[in-house]
Amino acid sequence: MDINCFWVVFILFSGLWILGFCEDQDGFLSLSCGASKNYTDSFNIQWVLDSAYTSTGNTTTVDYSVGTSSSPVPVRFFPETDQGRKCYKLPVKNVSSVVLVRAQFVYKNYDKLGKPPAFSVSLGTAIVTTVNLTTTDPWNEEFVWPVKRDTLSFCLHAIPDGGSPVISSIEVRPLPQGAYQSGLGEFLDKSLRKSHRINSGYTNGSLRYPLDPHDRVWDADENYTPFHVSSGFNMLHSFNLSSLPENPPLAVLQTARVLARRNALTYNLALDTLGDYYIVLYFAGILPLSPSFDIFINGDIAQSNYTVTMSEPSALHLTRKGISSLNITLKSINFYPQINAIEVYEVVDIPLEASSTTVSALQVIQQSTGLDLGWEDDPCSPKSWDHIECEENLVTSLDLSDINLRSISPTFGDLLDLKALDLHNTSLAGEIQNLGSLQHLEKLNLSFNHLTSFGTELDDLIGLQILDLQNNSLQGIVPDGLGELVDLHLLNLENNKLQGSLPQSLNRESLEVRTRGNPCLSFSTMSCNDVASNPSIETPQVTIVTDKKPNKISHMAIILGAAGGTILVLLVISLSVFLYTKKQSSGMTYSDRAATDMRNWNSARIFSYKEIKAATNNFKEVIGRGSFGSVYLGKLSEGKLVAVKVRFDKTQLGADSFINEVYLLSQIRHQNLVCLEGFCHESKQQILVYEYLPGGSLVDHLYGPNSQRVSLSWVRRLKIAVDAAKGLDYLHNGNEPRIIHRDVKCSNILLDKDMNAKVCDFGLSKQVMQADASHVTTVVKGTAGYLDPEYYSTQQLTEKSDVYSFGVVLLELICGREPLRHSGTPDSFNLVLWAKPYLQAGAFEIVDDSLKGTFDVESMRKAAIVAVRSVERDASQRPNIAEVLADLKEAYNMQLSYLAARDM
């Protein structure tokens with residue numbers, strides 16, 4: 001075919017193809033950073049202002065040439081004086097499992113200082129790159145990101161002496177379902193940073209949307225000249241692309257580099273850094289023959305005798321660890337080696353998120369301060385929140401000094417990984433409380449407050465090394481239990497109102513005790529009256545040992561005294577050993593006792609770790625992921641599909657919640673509660689095996705990447721609500737002891753293949769005996785946004801706390817939005833506070849858009865009323881779950897009647 005004729009045909013074909021796709025931009029987000037108006041570019045892509053997605057930074061424009069033209073380009077820059085988070089919240093709702101995120105950073109001396117900045121960039125919890133505009137300006141980055149939430153944080157982080165971060169554009173593009181997942185192996189669910197994307201055999205510029213409906217930019221082959229140069233080969237073929245999850249554009253597969261003269265075709269590609277890389281090689285049979293060849297990566301054979309079949313596309317997915325350059329060689333076996341496209345990505349690790357319990361606790365603490373501490377997203381990654389330090393994904397230090405807290409709320413007790421807690425000068429009063437569960441705490445600073453009592457929980461802080469209680473109003477005597485803290489090496493009690501003798505257990509060389517400024521406090525047995533009558537005697541700061549000459553006593557008295565002393569010492573030692581042994585046995589933790597009993601709970605099957613690995617095919621297919629760990633699809637030896645939840649939370653709370661869930665689910669059975677098939681508790685593994693529910697969670701259908709909101713009709717939502725209420729009703733009223741779930745939320749409502757709902761995740765659940773019918777005092781646990789405010793403020797747990805959380809779920813079903821969000825107006829941040837006034841007034845304009853025009857008004861009114869009553873702040877004003885269930889059944893039947901009448 002004459003080359004001119006080919007291009008005429010190709011352009012005509014492409015034009016028709018473009019017309020078919022130019023309107024297909026579902027899920028596209030294109031932000032023009034710093035722009036003053038929206039616009040549509042030459043690719044028919046719509047660009048919008050970035051101001052709705054970030055609240056910080058300043059804007060300006062720069063001039064730089066693109067090709068032969070020069071035009072002002074808007075940018076947003078973040079001055080070093082700007083202390084706020086330099087972040088964008090990018091919505092990724094209703095998109096596939098992976099998205100492409102592309103950004104451009106431009107300096108071009110916009111500030112006339114001639115100092116191009118350098119800064120780091122993060123996506124989610126991962127630092128994904130460092131931008132250095134000193135070397136390249138503009139700087140372009142592109143990432144493939146696995147979607148886990150409905151928003152993605154894109155942040156710029158200043159580095160010392162790096163200057164002010166600056167950005168010009170951000171683009172988000174949904175990628176095909178399952179793309180860039182094949183062959184990743186241990187790198188699955190990592191982020192991928194683009195190094196190369198080559199349209200082999202094509203040299204006439206880059207190719208992108210609309211030829212690629214996913215708007216990937218495919219670079220021309222001219223900048224990647226192989227050692228053995230040959231002409232690109234172009235033919236107009238049509239292929240079935242369904243076998244390639246990446247769905248490369250047809251225009252890319254229709255060109256190839258084909259080696260015609262020699263027996264090897266080689267690409268040498270530069271890589272930015274030493275690291276792990278993911279490589280995708282594309283082949284398509286555009287020639288009337290079927291060549292075969294060996295494929296080598298950096299000299300090692302990656303695939304032998306690879307054959308390209310005529311008219312068929314194929315791809316090879318490879319990974320390589322620890323490489324700094326890339327050599328791809330195709331050696332001929334039969335006919336001529338050919339390749340149609342190459343993609344190379346650097347694998348970027350995504351740090352684990354902090355425990356959801358920790359995040360919820362910190363969010364509740366932030367709310368209680370009445371301040372905006374800037375605590376958003378994950379507390380540890382990519383950068384630790386202000387006031388917080390982390391080790392890996394664990395919050396190990398919290399400093400809230402000089403913030404007006406007034407009390408230590410029960411939520412502090414959920415921060416189980418803390419090693420250091422600084423609450424000095426926070427207006428604390430009363431007794432020290434709610435810290436007993438912090439077994440890893442090493443440094444505790446409660447100084448300069450108004451505390452009056454030691455409380456009873458300091459004895460439980462077995463790892464404590466430094467305890468600073470100076471400048472409080474502590475009264476009475478120092479408790480003996482402090483002496484049992486064997487690692488304690490500094491106890492500061494200065495400037496309190498303490499008196500009496502210090503426990504002798506504190507009188508040891510390894511411990512410094514500071515007591516200055518108390519009325520009467522020492523290791524001496526001298527009475528406070530003696531001290532008061534002799535003001536010149538200063539309160540001793542340390543134990544003083546003096547040598548005294550013995551009185552003249554008889555030799556017999558010495559012998560008798562020595563004998564008596566020996567007997568006394570032996571008695572004391574014996575008593576101490578007895579008490580210590582008794583304490584050790586009685587001090588056996590709930591986890592220790594329960595772990596011993598677990599194998600006696602015959603209701604749940606006990607799996608070996610070997611059986612779990614076999615069932616999951618060595619943990620091959622991930623079907624869910626959360627702060628607790630990962631969920632894998634498994635198949636038991638008898639053929640039954642199961643969901644295998646592998647917990648990574650090895651803290652005491654994690655162990656307790658695991659054992660608690662096994663214990664409860666071993667006792668209860670109900671069609672609307674998830675069924676526990678068994679568990680594994682060997683080699684420190686915490687693995688739960690559930691029945692497999694293919695419908696996913698309610699969160700997936702309302703907000704998730706596989707969202708089906710259009711199909712989640714009002715009648716279906718009501719049926720889900722009725723099912724979940726049935727499960728909760730069984731827990732509250734159909735079981736003795738009764739069970740309070742304590743963590744009711746959309747993500748804990750799972751759906752089977754017929755969309756029947758079941759309540760799951762009983763790790764935080766609490767059994768309640770009939771004698772405790774009114775309430776149970778307990779440490780506050782739950783999830784921010786769903787947490788009963790009365791339970792939080794009083795620590796009094798009742799079934800009405802579950803009713804409040806379920807009421808929030810009902811509001812989500814009605815409104816189609818999450819309990820907490822950080823976009824829109826402040827009045828709309830909290831779903832309960834935002835929705836109640838509308839629904840109480842019967843104003844249904846806040847109903848989920850996808851439901852409008854499809855529901856019976858009376859059915860909606862009935863559900864709205866019960867939802868509003870369920871989230872009353874005063875628990876006594878809420879219905880019980882049985883009443884909620886009855887009202888929801890009525891609303892469900894109303895909607896069924898409405899649909900039947902409409903279809904007649």
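For this chain, numbers begin at 1 and follow the sequence in order.
- Ring pair His387/Trp375 is perpendicular by interplanar angle, where above 60° counts as perpendicular and below 30° as parallel.
- Salt bridge status for Asp349 with Lys190: present, with a side-chain N to carboxylate O gap under 4.0 Å.
- Side chains of Cys155 and Lys86 form no contact here, defined as non-hydrogen atoms less than 4.5 Å apart.
- Partners of Phe78 according to the ring pair (Phe, Tyr, Trp, His ring centres under 6.0 Å) rule, which considers only residues two or more places apart in sequence or in another chain, do not exist here.
- Between the side chains of Asn425 and Ser401, no donor-acceptor pair is found at a separation under 3.5 Å.
- Pairs engaging residues 154-165 under the side chain to side chain donor-acceptor pair (under 3.5 Å) rule: Ser122-His157 [sequence neighbours left out].
- With sequence neighbours left out, the side chain to side chain contact (heavy atoms under 4.5 Å, CB included) criterion links Asn132 to Ala118, Thr134, Thr135, Trp139.
- Checking Arg873 against Tyr804 by side-chain atom types alone, no donor-acceptor pair falls below 3.5 Å.
- Every ring pair (Phe, Tyr, Trp, His ring centres under 6.0 Å) that Phe119 has, sequence neighbours left out, goes to Phe105.
- Thr273 and Glu346 form a side-chain donor-acceptor contact under 3.5 Å, judged by distance and modelled atom types alone.
- The salt bridge (charged side-chain N to carboxylate O under 4.0 Å, His left out) contacts involving residues 419-448 comprise Glu391-Lys419, where partners must be two or more places apart or lie in separate chains.
- Applying the side-chain hydrogen bond (donor to acceptor under 3.5 Å, both in side chains) test between Ser153 and each of Asp377, Thr125, Asp378 identifies Asp377 as the sole match.
- From Tyr703, atom OH reaches atom SG of Cys746 across 5.0 Å, with rounding to the nearest 0.5 Å.
- Inspection of the Thr396 and Glu389 side chains reveals no N or O donor paired with an N or O acceptor under 3.5 Å.
- Residue pairs that meet the salt bridge (charged side-chain N to carboxylate O under 4.0 Å, His left out) test with at least one member in residues 444-470, sequence neighbours left out, do not exist here.
- Results of the side chain to side chain contact (heavy atoms under 4.5 Å, CB included) test with Leu467 over Asn492, Leu490, Leu482, Asn445 single out Leu482 as the only residue that passes.
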